[in-house]
Amino acid sequence: MPELPEVETIVRGLRKTVLSKKIKSLKIFPSRVLHSSPAFLKRNLLRQRIQEINRRGKNIIIKLSSGDLLVIHLGMTGNLFYLNRPAFMGKHDHIDLEFSDRTHLRYGDIRKFGKFKLIKSSQAIKEGVLKTLGPEPLEISRDDFVQLLQKKKGRIKSVLLNQSIIAGIGNIYADEALFEAKLHPLQKVSDISRNGLIKLHQAIQKILRKAIKAGGSSVDNYRDVEGEPGFFQFYHKVYGREGEPCKRCGTKIKRIIINQRSTHFCPKCQKKN
DNA sequence: ACCAGTTCCTGGCAGC
DNA sequence: TGCTGCCAGGAACTGG
């Protein structure tokens, strides 16, 4: 499932492969992942150049030469593949952009939880999707992070998953960061000490940086734009390790459900206070 | 205003 | 072998 490190890896891959290319043609297979009509997409994508590729939270933002933005969210199973030769559209492919050098960028999504949307430059500032996102976890300072969380209520795991509080962390990295910071996922944010929040800030940044270096985690079907898997899953200390020994103390890793999400933690290392 | 629960969607897998 | 039913979860939505 693409979270911040996977999306960052994809963005870097896109910069390497499609930056400054010109869109020559496109194929569209309408489905619920398309949040813009085929006619609107055709009108605004054809003959545009890829001017900039950025990430905001888990969103990929492609700026076109017109100034319009292509905003892509990969949901659970979305993918963007760079192809240097034409290929048949797969069962779950929704969009294929062909560039003037005859290479392609293909967007697919098996479970259709993703979003593919074109935003006119004039609407970009008003656009809610990106406006409601919290700060970037790799950019927020220690003190701003502490201040931000101190104002929040609820359990720490739910807060980390809430994109309007902090953007980009999903189920895997929330569990891994909480283990790293030795915080129990059910701990109320208001009960975490200033020192605990500082440790959490460090833990989040450390885990995300390491995961980006590893090209993300390929637990399900995640692949980068060139089809390569990430390898951070080999460094997971709690996620997907229910019943296995904690790498720190040997206690069996526990799995519970919080917000309908599996949550993995070490009951000995991560105590509630 | 806030929080918990429900829904969308499909492939993979366990169990019979 | 083939069928059924459950599970994975990001985010929008609903109901209390």
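Please read all numbers here as calculations on a predicted model, not as lab measurements.
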Output the rounded distance in Å from NZ (A:K112) to C1' (B:dC8). 11 Å
Mutual orientation of the aromatic rings belonging to A:Y235 and A:F232 [parallel < 30°, tilted 30-60°, perpendicular > 60°]: tilted
Quickly work out the A:I165 CD1 to C:dA11 C1' distance and round it to whole Å. 14 Å
For DNA chain B, whose closest nucleotide is more 5', that of A:R111 or that of A:R155? A:R155
Short side-chain N/O contact from A:H92 to OP1 or OP2 of B:dC9, under 4.0 Å: no
Need one value for A:S262: base, sugar-phosphate or nothing, where a base atom within 4.0 Å counts as base even if backbone is also close, heavy atoms only. sugar-phosphate
With respect to the side chain of A:N171, which nucleotide from C:dG10, B:dT10, B:dG11 is positioned closest? C:dG10
Measure from the side chain of A:R32, starting at C-beta and using heavy atoms only, and say which of B:dC8, B:dG11, C:dG10 lies closest. B:dC8
Residues A:T103, A:K21; criterion side-chain hydrogen bond (donor to acceptor under 3.5 Å, both in side chains); working and verdict: CA-CA 9 Å; A:T103 61; A:K21 290 191 181 180; 3.1 Å; yes
May I have the distance from A:R255 (atom CZ) to C:dC7 (atom P), rounded to whole angstrom? 9 Å
Could you check how far CG of A:N162 sits from P of C:dA12, rounded to whole Å? 10 Å
Please classify the nucleic acid contact of A:K152 as base, sugar-phosphate, or nothing, using heavy-atom distances under 4.0 Å. nothing
Nucleotide B:dA4, atom P - distance to CD1 of A:I258 in whole Å: 11 Å
Can you confirm whether the side chains of A:T263 and A:K157 place a donor and an acceptor under 3.5 Å from each other? yes
May I ask you to say what A:Y222 touches in the nucleic acid, namely base, sugar-phosphate or nothing, with a heavy-atom cut-off under 4.0 Å? nothing
According to a strict under-4.0 Å criterion, is A:K91 in side-chain N/O contact with OP1 or OP2 of B:dT10? no
Does B:dA1 have OP1 or OP2 sitting under 4.0 Å from an N or O in the side chain of A:K153? no
Mind calculating the distance between CG (A:N59) and P (C:dA12) to the nearest angstrom? 9 Å
Think A:Q163 has a side-chain N or O under 4.0 angstrom from the OP1 or OP2 of C:dA11? yes
Taken to the nearest whole Å, CD/A:Q260 to C1'/C:dG10 is 13 Å
Specify the separation, in whole Å, of atom CE of A:M76 and atom P of C:dC7. 15 Å
No-hydrogen, no-angle side-chain donor-acceptor test under 3.5 Å, A:E6 and A:Y173: yes
What distance separates A:I50 CD1 from A:L64 CG, expressed to the nearest 0.5 Å? 5.5 Å
Do the side chain of A:R261 and the base of C:dG10 come within less than 3.5 angstrom through a donor-acceptor pair of N or O atoms? yes
If you compare every side-chain N and O of A:H73 against the phosphate oxygens of C:dA11 (OP1, OP2), does one of them come in below 4.0 Å? yes
